[in-house]
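These numbers were taken from a predicted model, which means no experiment stands behind them.
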Amino acid sequence: MIFANDQTSFDLQNYIFTNLKIDLRNIFLTVLVIVCSCSSTNEPENLISREKMVKVMTEIHILEAKMSKVQVEPLDSTQSVYDHYEGLLFEDLGITKDQYEISFNYYVDNPNEFEKIYQAVVDTLMERDNMFK
C-alpha cells in the first residue's frame with residue numbers, strides 16, 4: 001500500500017499509539033452508539049466487501065494520520081494534498097470515492113456489519129503498530 005514501509009509511517013504510528021494514548025476501541029464504541037439509530041438491509045450496487053472495506057479504512061486512517069503531521073500553508077493546500085493521495089489510494093485499491101462513500105454509509109447504517117469492520121481495522125492498526133516496536 002501507499003507509504004507502507006517508509007519512516008514517516010513509523011513516526012506517525014508511534015505518535016498515534018504512544019503519545020496520544022487513545023484507546024481506539026473506546027472511539028469505536030462511541031461512534032457505534034451514535035450511528036446505531038437506524039438500520040438498512042438494501043445493499044447498494046458495487047458494495048465494497050467487508051474484507052476490502054477493512055483494508056480501505058485501515059489505509060485511510062494511516063493516510064489521515066500522516067496528513068495531520070504535514071504542515072502546508074495555506075491549510076486548504078493540505079486538503080488538496082490529502083485528496084491527491086486519497087485518489088491514488090482508491091485507484092490502487094480499484095475503487096472510486098463514490099463507491100467508498102456509498103459503501104461506508106451502508107455499513108454505518110448496519111451497525112453489526114460496521115462493528116465487525118471497525119474492529120478489524122483497529123486490530124490491523126494495532127498489529128502494524130506492534131510490528132514497529
Side-chain angles (χ1 to χ4, degrees):
M1 289 293 104
I2 297 174
F3 306 121
N5 295 319
D6 65 359
Q7 183 63 31
T8 306
S9 177
F10 172 75
D11 293 340
L12 181 62
Q13 289 175 349
N14 186 35
Y15 176 76
I16 291 172
F17 293 106
T18 304
N19 295 338
L20 290 181
K21 305 287 186 199
I22 293 177
D23 183 357
L24 293 175
R25 294 173 202 268
N26 287 339
I27 293 171
F28 165 70
L29 291 174
T30 302
V31 169
L32 185 62
V33 168
I34 292 170
V35 298
C36 279
S37 61
C38 62
S39 180
S40 173
T41 57
N42 297 330
E43 286 187 10
E45 277 188 43
N46 298 322
L47 179 68
I48 298 172
S49 71
R50 190 172 16 167
E51 294 77 19
K52 190 167 190 174
M53 198 67 176
V54 169
K55 188 174 190 177
V56 172
M57 289 178 65
T58 299
E59 293 300 322
I60 286 176
H61 275 289
I62 292 169
L63 177 59
E64 287 174 346
K66 285 182 179 194
M67 293 309 301
S68 73
K69 298 282 253 177
V70 173
Q71 301 205 0
V72 178
E73 291 295 328
L75 290 177
D76 62 342
S77 295
T78 303
Q79 184 63 45
S80 296
V81 172
Y82 174 82
D83 291 342
H84 171 74
Y85 282 108
E86 183 185 57
L88 292 175
L89 175 64
F90 289 150
E91 185 179 311
D92 185 44
L93 295 171
I95 62 171
T96 65
K97 183 174 180 124
D98 286 341
Q99 185 181 10
Y100 169 73
E101 289 175 351
I102 289 168
S103 297
F104 183 85
N105 290 333
Y106 169 79
Y107 287 120
V108 165
D109 288 343
N110 292 277
N112 291 333
E113 290 293 315
F114 188 73
E115 180 179 13
K116 292 172 188 172
I117 290 169
Y118 213 88
Q119 185 61 54
V121 169
V122 170
D123 292 345
T124 302
L125 289 170
M126 297 299 255
E127 280 179 28
R128 285 188 180 187
D129 180 54
N130 289 333
M131 286 190 324
F132 290 107
K133 288 184 177 181

Would you compute the distance between atom [atom1] of [X] and atom [atom2] of [Y] and round it to the nearest 0.5 angstrom?
X     : Y      : atom1 : atom2 : result
Met53 : Lys116 : CE    : NZ    : 15.5 Å
Glu91 : Thr96  : CD    : OG1   : 12.0 Å
Lys52 : Ile95  : NZ    : CD1   : 6.5 Å
Ile48 : Tyr100 : CD1   : OH    : 8.0 Å

- Examine Phe114 and Ile102 and state if one hydrophobic cluster contains both, with Ile, Leu, Val, Met, Phe, Trp and Tyr joined whenever side-chain heavy atoms are less than 4.5 Å apart. no
- Query: Is Ile60 reachable from Tyr85 through a run of hydrophobic residues whose side-chain heavy atoms are each under 4.5 Å from the next?
  - Reply: yes
- Do any N or O atoms from the side chain of Glu113 and from the backbone of Arg50 form a donor-acceptor pair under 3.5 angstrom? no
- Task: Check for a donor-acceptor pair, side chain of Asn130 on one end and backbone N or O of Met126 on the other, with a separation under 3.5 Å.
- Result: yes
- Query: Looking at side-chain heavy atoms only, is the closest gap between Met57 and Phe104 below 4.5 Å?
  - Reply: yes
- Task: Evaluate the side-chain proximity of Ile62 to Leu125: yes if any heavy-atom separation is below 4.5 Å, no if none is.
- Result: yes
- Task: For Leu47, check side-chain contact (heavy atoms from CB on, under 4.5 Å) against everything at least two apart and list the hits.
- Result: Glu43, Pro44, Ser103, Tyr106, Tyr107
- For Asn105, all residues meeting side-chain contact (heavy atoms from CB on, under 4.5 Å), sequence neighbours excluded: none
- Task: Assess whether salt bridge (Lys or Arg N to Asp or Glu O under 4.0 Å) is satisfied between Arg128 and Glu59, documenting all intermediate values.
- Result: CA-CA 11 Å; Arg128 285 188 180 187; Glu59 293 300 322; 2.6 Å; yes
- For the student: nearest non-hydrogen atoms of Val121 and Val54, plus distance: CG2-O, 3.7 Å
